[in-house]
Structures are given as structure tokens and as C-alpha cells.
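Written below as C-alpha cells is the structure these notes are about.
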Amino acid sequence: MRCPLVAGNWKMNLTAAEGEALVEELLHIANELFDIDVVVCPPFLSIPKIADVCRRSRVKLGAQNCFWKESGAFTGQVSVRQLIEFRVDYCIVGHSETRGRFGTLEVPEGTTGFFAESEETINLKIKTLLYHGVTPILCVGETLAERGGGITDQVIKAQLEGALKGVDPSELFGLVVAYEPVWAIGTGETCDAAEAERVCAEIRRVLGDIGEPEIADNIRILYGGSVKAGNAKELFAQPNIDGGLVGGASLNAAEFFAIIKGA
Ligand code: PGA
């Protein structure tokens with residue numbers, strides 16, 4: 001039996017003080033729920049403050065990204081060793097925005113390469129997180145053009161194989177995968193529940209090939225992309241969807257509560 005998980009990805013939103021106020025509101029409800037994991041992923045700068053609040057509660061702390069080296073001349077990066085000092089339990093890896101793939105492109109097309117995330121960097125991050133006992137939330141998903149071209153499953157299989165290359169199958173127990181169709185992120189367009197279920201079942205099948213089916217059965221697979229209170233229940237009721245990775249709707253306590261209840 002997989003424990004449902006709902007994670008809020010705040011992205012580059014909320015100051016540390018605003019984030020603290022939001023988590024204080026969340027504590028009341030989250031502390032009453034024992035059969036679900038609730039995670040918040042604030043910006044790096046807010047992590048120390050949010051860590052203090054989370055320590056008093058069942059809400060877990062996640063980061064939005066990490067770097068795979070322990071320390072060194074890597075300007076602007078944050079290592080996993082620095083994250084675990086604040087008891088970060090989860091870390092998002094390979095989000096489409098860090099891959100430079102946006103649902104609604106607001107940066108000039110030619111500059112998206114500057115985000116410089118690749119299957120190799122994602123693989124290094126996954127291995128480093130597992131080594132430190134932090135649960136990676138590995139994001140995979142296709143763009144609208146890839147879906148239109150009929151290569152959704154192919155793209156996702158390649159992303160999973162690239163990210164997990166050389167990872168010992170026994171370590172896959174400590175993994176969460178989020179299916180996030182790029183075209184559904186921040187656009188208000190949700191993948192319909194039946195199609196999201198089909199892709200998540202395919203993700204589980206590929207994970208079974210990479211590791212073993214019994215391991216894949218234990219991996220939590222989330223759906224992400226315009227999850228709201230109004231669609232969460234139907235999405236999370238699907239047999240292969242174990243919760244959600246929520247962006248915009250996680251910035252509002254009442255809306256996020258309603259989504260958590262949907263799981
Ligand atoms: P959204 O973002 O819920 O705002 O679409 C989801 C995500 O990017 O994780």
C-alpha cells in the first residue's frame with residue numbers, strides 16, 4: 001500500500017515571512033492527517049525559516065533543486081550536504097522549468113539552453129540525493145509538440161532511463177516520480193484523468209523494467225500540472241496516481257488543504 005503524497009512546489013514565489021505564514025496555516029490541518037505525506041518545497045532562501053516551522057509538525061520539507069558536488073567553486077549552486085543541515089527530506093529533480101522546457105514560453109526560445117539541465121545532470125543529482133538519504137521527486141513529461149508527434153511514451157521512457165542510469169534497483173524504493181506534462185504546467189490545462197492514469201501506469205511499467213516490478217509497485221507516482229481543488233479528487237482516485245506535485249494552487253492554504261483532502 002503506497003502512502004499518498006502531496007507536494008507544494010512554490011517555485012520563485014513568497015518571501016520567507018510569507019512562506020512561514022502559509023505553513024503555519026497548513027499545520028492545523030496537516031497535523032490531523034496521518035495517512036498522507038504533505039511536503040512543501042520553498043525557494044532555497046526560505047528553507048531555514050520553514051525548517052523551523054516544519055520541525056513542530058508533520059509537514060515535510062523539500063527543495064526545488066540541488067547540485068551534485070559536496071562543495072567547491074560552483075557559484076549559485078546549493079549542495080545536498082547543505083540541504084540536509086536543515087532536514088530537507090525531499091528534492092525535486094528535473095522539473096521541466098529547470099530543464100528549460102516551459103508550458104507557456106516567456107523566455108526567448110534560444111535562451112532556454114542556459115538552464116543547462118540534462119539527463120546526465122539529473123542522473124548525478126538523483127545518485128547524490130539517494131546517497132544522502134533524501135527522496136528525489138523526479139519529474140518527467142512531454143511538451144505539446146511531443147504529444148502532438150505521438151512520442152509521449154518514448155520521451156518519458158528516455159527521461160526515466162537517463163535519470164536512473166546506473167542506480168542500484170534496490171535504491172529505487174526511495175524514489176518518487178512526478179508525471180508533469182509540460183503543456184499542463186501553469187497553463188490551467190489539466191491532462192484528463194484517464195490519460196494521466198495511462199501515462200502513470202506506463203511509467204510504473206518502465207520502472208519495473210529498470211528495477212523489478214515489485215519495486216515499481218512501491219514507488220509513488222504523482223501527477224502535476226494545473227492540479228486544483230476541483231480536479232484533484234478525480235486525478236488522485238486513479239490506481240497509479242499516488243498524489244500530486246502542485247504549483248500555483250499550493251500558494252493558497254485553503255486551496256492546498258482542499259487538494260490534500262482530495263488525496
Ligand atoms: P502548476 O505547477 O500546478 O502551477 O501547474 C506544477 C509544477 O510545475 O510542479
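The basis for the numbers below is simple: all heavy atoms, side chains too, and nothing from hydrogens, waters or symmetry mates. In this chain, residues are counted from 1 in sequence order. Just follow the structure's listing: the first ligand is 1, and inside any ligand the first atom is 1. This one's a predicted model, so the numbers in the text were calculated from it and none came from an experiment.
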Electrostatic pair [X]-[Y], nearest N-O below 4.0 angstrom:
{"X": "Lys49", "Y": "Asp52", "result": "no"}
{"X": "Lys127", "Y": "Asp168", "result": "no"}
{"X": "Glu97", "Y": "Lys11", "result": "yes"}
{"X": "Glu146", "Y": "Arg101", "result": "yes"}
{"X": "Lys125", "Y": "Glu117", "result": "yes"}
{"X": "Asp209", "Y": "Arg205", "result": "yes"}

So for ligand 1, is [X] a polar contact partner (N or O within less than 3.5 Å, distance only)?
{"X": "Glu97", "result": "no"}
{"X": "Gly186", "result": "yes"}
{"X": "Val246", "result": "no"}

So, 4.0 Å and heavy atoms of [X]: is ligand 1 close enough to count as a contact?
{"X": "Lys228", "answer": "no"}
{"X": "Gly225", "answer": "yes"}
{"X": "Ala249", "answer": "no"}

Proximity of Ile185 to ligand 1 by residue part, where a heavy atom lies under 4.0 Å: both
Provide the number and element of each atom of ligand 1 under 4.0 Å from a heavy atom of [X].
{"X": "His95", "answer": "7 (C), 8 (O), 9 (O)"}
{"X": "Asn9", "answer": "9 (O)"}
{"X": "Ala184", "answer": "5 (O)"}

Residue, atom name and distance, where the atom is the protein heavy atom closest to [atom]:
{"atom": "atom 2 (O) of ligand 1", "value": "Lys11 NZ, 3.2 Å"}
{"atom": "atom 9 (O) of ligand 1", "value": "Glu180 OE2, 2.7 Å"}
{"atom": "atom 4 (O) of ligand 1", "value": "Gly248 N, 2.9 Å"}
{"atom": "atom 3 (O) of ligand 1", "value": "Gly247 N, 2.9 Å"}

Exam field: side chain Tyr223 to backbone Ala193, donor-acceptor pair closer than 3.5 Å: no
Between Glu120 and Ser118: side-chain donor-acceptor atoms closer than 3.5 Å: yes
Minimum side-chain heavy-atom gap Val80-Phe67 below 4.5 Å: no
